[in-house]
Every structure is written in C-alpha cells, then in structure tokens.
Amino acid sequence: MTPVSARPDPAVGNIRPLPRAFFARDPRRVAREILGKLLVREGDVRQGDMHRVGRVVEVEAYLGEKDPAAHAAAGNTERTRVLFGPPGYAYVYFIYGNHYCLNVSCEREGKAGSVLFRALEPLLGIESMAHARKLSRIEALGDPRRLTSGPGRLAEAFGITRARDNGSDLTSSQSSLWLGEDNFADAAVRVSPRIGITKATANPLRYFLAGNRLVSGPRLRSSSG
DNA sequence: ATATCGATTATCT
DNA sequence: GATAATCGATATG
C-alpha cells in the first residue's frame with residue numbers, strides 16, 4: 001500500500017502576471033524569454049466557460065518600422081497603432097480572410113516592436129479550447145497540435161478576436177486575456193527564420209522550445225541558449 | 001512525409 | 001487591384 005504523500009503535479013501552479021517592464025525591451029529579448037511563460041484566458045463563468053491556460057512554446061520577434069516583414073513597417077495607422085503604443089498590450093490582426101493572430105507590444109510608446117505567438121502547449125481548459133476549435137474531445141486529446149499549434153489555431157482556441165482583444169492590457173490579471181509565469185524550469189531554445197513572410201526572410205527571429213511537440217512547422221533549426 | 005491550392009476580407013498602393 | 005505574420009483539404013511519394 002503506497003502512502004498518499006505525493007499529489008499529482010498540477011499542470012500549473014500559482015500564476016503571477018508578467019510586469020510591464022518585461023515587455024519594455026527589444027522584441028528579440030522578449031521573444032526568447034517569453035518561452036515557457038503562460039497565456040491565460042479567464043473563463044466567462046456565466047456561460048459555463050472554463051479558464052484556459054497554455055504554455056508558450058513558439059514565438060517570433062518583429063522589430064518595428066525598420067523590419068520590412070513587420071506590420072509596423074507601414075507606419076502608425078489605424079490598424080497598427082497598438083504597436084506604437086506602450087508595451088504589454090495585445091495587437092490582434094486579421095489575416096487571409098480567415099484567421100486572427102496575437103502579438104504583444106514591446107519597446108516603448110512611440111517605438112514599435114512586438115512578439116507574435118505561434119504555438120502553445122494546452123494545460124488547462126482543454127475542453128473549452130476544443131469547443132472553440134470545433135473539435136471533439138477525442139480529436140483534441142488525440143492530437144493537441146490541432147488545438148494550439150499555429151498562430152491562427154491558438155487564437156481560435158482562446159477565442160481571440162480583434163474586436164474583443166486588440167489593445168487589451170496583457171500585464172493585468174484583471175484582463176480577460178493576460179500573460180503570466182509559474183515556476184517552469186528554463187528549457188533549451190532553438191532559433192530559425194520566421195514563417196509565412198516574403199520580406200527579410202533570412203533573419204533568425206523565430207524562437208521555440210527544443211523538442212516540444214506543439215511547435216508548428218520545422219522543429220530542427222539552429223540551436224541556441 | 002512534402003507539395004500545392006482555395007478560402008475570404010482588411011488594408012494598402 | 002494585389003497582397004497577406006494561415007489553415008485545411010487534397011494529391012502524391
């Protein structure tokens with residue numbers, strides 16, 4: 001008879017919001033360090049919605065006006081104004097007539113720069129994610145990559161839209177969508193060129209956790225600390 | 001496993 | 001009018 005001394009590890013412990021200063025830096029630094037952090041969607045309890053939490057496993061850095069692949073290269077327009085605002089806010093855009101994608105603003109007011117979220121590892125609220133993605137429980141558990149691997153997929157799994165989330169403060173746990181950290185241990189990071197762009201394609205600005213199955217696209221590029 | 005292609009609309013030229 | 005920080009389906013090895 002084994003003693004019931006050890007509870008099973010919870011998927012995630014206490015989650016602390018990331019401070020604004022975390023985002024007030026070069027997007028390359030933010031991208032590298034945000035791997036292993038958590039994206040949280042607070043459930044709408046009145047609609048029987050569960051909280052959704054995923055661990056960030058793949059991101060890309062966009063460097064602002066000087067980066068030809070960045071939306072900020074078009075200047076401060078109605079669409080891109082969040083990128084030019086203060087750090088730590090959600091920039092959500094609509095692409096290919098079908099999908100939303102989530103960024104967090106970096107740098108400082110007046111200086112654009114952001115990190116695009118490309119893949120998460122689902123931890124809590126998997127059934128809500130599956131529902132949002134129009135997948136059965138079986139399909140979601142059988143291949144979690146269909147849930148949150150890819151920027152469009154993770155946005156859909158977390159119910160992220162421009163109308164709902166663009167401009168919201170991702171450093172406040174009062175927000176419906178926010179970023180936090182638990183005590184996740186540092187893991188090996190890999191770097192590769194960014195995906196889906198046609199300009200500045202050679203720059204290694206895609207960062208992902210080595211060996212993580214939720215990473216979208218190629219998983220075998222250059223090693224990095 | 002990789003390759004190609006259509007969907008569908010906000011934004012910019 | 002063209003393009004896009006994508007996805008899912010289909011075809012093929």
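All chains are named by letter (A, B, ...) in the order of the sequence lines, taking the proteins before the strands, and each is independently numbered beginning at 1. No experiment lies behind these values; they were computed from the predicted model shown.
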Distance, rounded to the nearest Å, where [X] contributes [atom1] and [N] contributes [atom2]:
| X | N | atom1 | atom2 | value |
| --- | --- | --- | --- | --- |
| A/His99 | B/dT11 | NE2 | P | 17 Å |
| A/Asn166 | B/dT11 | CG | C1' | 14 Å |
| A/Phe94 | B/dA7 | CZ | P | 15 Å |
| A/Tyr100 | B/dT8 | OH | C1' | 12 Å |

For [X], answer base if it contacts any base atom (sugar-phosphate contacts may also be present), sugar-phosphate if it contacts only those atoms, and nothing otherwise; contact means non-hydrogen atoms under 4.0 Å.
| X | value |
| --- | --- |
| A/Arg133 | sugar-phosphate |
| A/Gly97 | base |
| A/Arg79 | sugar-phosphate |

Between the side chains of A/Arg133 and A/Glu156, is the shortest nitrogen-to-carboxylate-oxygen separation below 4.0 Å, so that they form an ion pair?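 Between A/Arg133 and A/Glu156 there is a salt bridge, with a charged N closer than 4.0 Å to a carboxylate O.
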
Side chain to side chain contact (heavy atoms under 4.5 Å, CB included) for A/Arg206 and A/Val191? Distances and angles first, verdict last. CA-CA 5 Å; A/Arg206 171 174 174 254; A/Val191 180; over 6 Å; no

DNA chain C: A/Ile197 or A/Arg153, which has the more 5' nearest nucleotide?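 Closer to the 5' end of DNA chain C: A/Ile197.
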
Calculate, to the nearest 0.5 Å, the distance between atoms CG and CZ belonging to A/Leu214 and A/Arg145 respectively.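 Atom-to-atom, A/Leu214:CG and A/Arg145:CZ are 8.0 Å apart.
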
May I ask you to check whether A/Tyr91 and A/Tyr89 place their ring centres under 6.0 Å from each other?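 Not under 6.0 Å, so no.
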
A/Glu139, CD: over 12 other non-hydrogen atoms inside 6.0 angstrom: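 More than 12 within 6.0 Å, yes.
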
Provide the start and end nucleotides, 5' to 3', of the part of DNA chain C that has atoms under 4.0 Å from heavy atoms of chain A.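 Terminal contacting nucleotides, 5' to 3': C/dA4 to C/dG8.
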
Provide the closest heavy-atom pair for A/Gly113 versus A/Glu107 in the form atom of the first, atom of the second, distance.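 In this case the closest contact between A/Gly113 and A/Glu107 is CA-CG, 4.4 Å.
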
Tell me which nucleotide, if any, is Watson-Crick or G-U wobble paired with B/dA10 when both distances must be under 3.5 Å.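 Partner of B/dA10: C/dT3.
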
